[in-house]
Amino acid sequence: MIELNVFKQMLGENGGRFPLLTLDEFFSGNSEEDSIAPNQWGYGRPSLAEIWEMLRKVELMPNVAWVHVALHDDTEIKEVNGREILNLTGDSIVVCTDMKSDELEEIVDCEWLCSDGIIQSKPALYHSRIPPIPRNYNYLEIVWD
């Protein structure tokens with residue numbers, strides 16, 4: 001999971017806008033199962049480890065430029081026992097690919113993810129660190145709720 005100081009630096013460099021995080025920045029060392037799709041955790045949603053494993057496979061596909069995690073505005077830095085703690089909350093998974101929504105939906109198995117599906121969108125103005133989007137590629141989001 002991204003280190004607190006690195007996250008703070010990114011916020012400072014980008015006017016407080018949340019960065020899109022790489023899969024490792026979000027999932028590595030993250031044991032907070034309700035940090036993404038909390039309403040589906042305990043109701044069939046696979047574990048963070050299983051989601052991460054599947055997304056790493058998607059990221060390696062030749063027609064995928066990158067896969068990142070968009071953060072929810074519940075992400076916060078809070079103080080616990082005199083220490084600052086980063087509480088990451090994922091909102092969606094962004095896949096930059098030349099696939100269409102329905103193709104990606106089949107590959108990631110939205111039913112298995114307990115996801116509401118995949119939408120094609122554009123990068124949000126409130127995000128930073130958005131990698132380049134190759135020509136003719138789509139900005140697809142795996143969404144919950």
- Query: Sub-3.5 Å donor-acceptor pair from the side chain of Arg56 to the main-chain atoms of Leu23, do we have one?
  - Reply: no

**Request:** May I ask you to decide if the ring planes of Phe27 and Trp52 are parallel, tilted or perpendicular, using 30° and 60° as cut-offs?
**Result:** parallel

(request) Look only at the side chain of Asp98 and the backbone of Asn136, and say whether a donor-acceptor pair between them is shorter than 3.5 Å. (result) no

Legend entry - Trace of the side-chain contact (heavy atoms from CB on, under 4.5 Å) decision for Val95 with Ile118: CA-CA 10 Å; Val95 180; Ile118 296 176; over 6 Å; no

To the nearest 0.5 Å, atom NE2 of His68 lies from atom CG of Asp24 at 10.0 Å

Paired with Ile142, the side chain to side chain contact (heavy atoms under 4.5 Å, CB included) test is passed by just one of Leu55, Ile51, Val69, namely Leu55

Look at atom CD of Glu106 and say whether more than 12 heavy atoms of other residues, nucleotides or ligands are closer to it than 6.0 Å.
-> no

Q.
Are there over 12 heavy-atom neighbours, none belonging to Glu76, within less than 6.0 Å of that residue's CD?
A. yes

To the nearest 0.5 Å, atom CG of Asp73 lies from atom CG of Asp91 at 7.5 Å

### Message
Quick check: do Arg17 and Leu11 have side-chain heavy atoms less than 4.5 Å from each other?
### Response
no

Side-chain (Ser115) to main-chain (Val143) donor-acceptor, under 3.5 angstrom: yes

Does any non-hydrogen side-chain atom of Met99 lie less than 4.5 Å from one of Asn138? no

- prompt: If only atom types and distance count, is the side chain of Trp41 paired as donor or acceptor with the main-chain N or O of Glu32 below 3.5 Å?
  reply: no

### Query
Does Ile130 offer a backbone N or O that forms a donor-acceptor pair with the side chain of Trp66 under 3.5 Å?
no

**OP:** State, with a plain yes or no, whether a side-chain heavy atom of Phe7 is found less than 4.5 Å away from one of Leu71.
**Re:** yes

Output for pair (Cys96 SG, Leu140 CG), nearest 0.5 Å, gives 8.5 Å

Fill in: Any side-chain heavy-atom pair of Ile36 and Phe26 under 4.5 Å
yes

One should read off an interatomic distance between Lys78 NZ and Ile85 CD1, to the nearest 0.5 angstrom, of 8.5 Å

Practice prompt. Examine Val108 and Trp112 and state if one hydrophobic cluster contains both, with Ile, Leu, Val, Met, Phe, Trp and Tyr joined whenever side-chain heavy atoms are less than 4.5 Å apart.
Written response: yes

In terms of heavy-atom contacts, Gly117 and Glu105 come closest through CA-OE1, 4.2 Å

So does Leu60 have more than 12 non-hydrogen atoms from other groups sitting under 6.0 Å from CG? yes

**Message:** Check whether Arg129 reaches the backbone of Asn14 with its side chain - one donor and one acceptor, N or O, closer than 3.5 Å.
**Reply:** no

Correct closest heavy-atom pair for Gln40 and Trp144 would be OE1-CD1, 3.8 Å

Tightest non-hydrogen contact, residues Gly44 and Cys114, listed as C-SG, 3.4 Å

Does Asp145 offer a backbone N or O that forms a donor-acceptor pair with the side chain of Asp116 under 3.5 Å? yes

Quick check: does any side chain N or O of Thr75 sit under 3.5 Å from a backbone N or O of Thr89, one acting as donor and the other as acceptor? yes

Q. Sub-3.5 Å donor-acceptor pair from the side chain of Arg45 to the main-chain atoms of Leu113, do we have one?
A. no

Set out, in order, the CA-CA distance, both residues' side-chain angles and the distance that settles side-chain contact (heavy atoms from CB on, under 4.5 Å) for Ile2 and Met10, then state yes or no.
CA-CA 11 Å; Ile2 192 167; Met10 287 177 188; 3.5 Å; yes

Side chain proximity check, Met61 to Ile107, heavy atoms < 4.5 angstrom: yes

Here the pair of heavy atoms bringing Glu50 nearest to Ser47 is OE1-N, 2.8 Å

Cluster overlap Ile119 with Ile93, hydrophobic side-chain contacts below 4.5 Å
no

(request) Determine, step by step, whether Asp109 and Met54 satisfy the side-chain contact (heavy atoms from CB on, under 4.5 Å) criterion, reporting the C-alpha distance in whole Å, the side-chain angles of both residues, the deciding distance to 0.1 Å, and the verdict. (result) CA-CA 10 Å; Asp109 191 354; Met54 180 272 299; over 6 Å; no

> Does a side-chain heavy-atom distance below 4.5 Å link Val6 with Glu25?
Replying inline: no

Practice item. In sequence, state the C-alpha distance, the side-chain angles, and the governing distance for Leu88 and Leu21, and then conclude on side-chain contact (heavy atoms from CB on, under 4.5 Å). Key: CA-CA 10 Å; Leu88 287 180; Leu21 297 181; 3.9 Å; yes

Exercise. Does Glu59 use its side chain to pair, donor to acceptor, with the backbone of Val64 at less than 3.5 Å?
Worked result: no

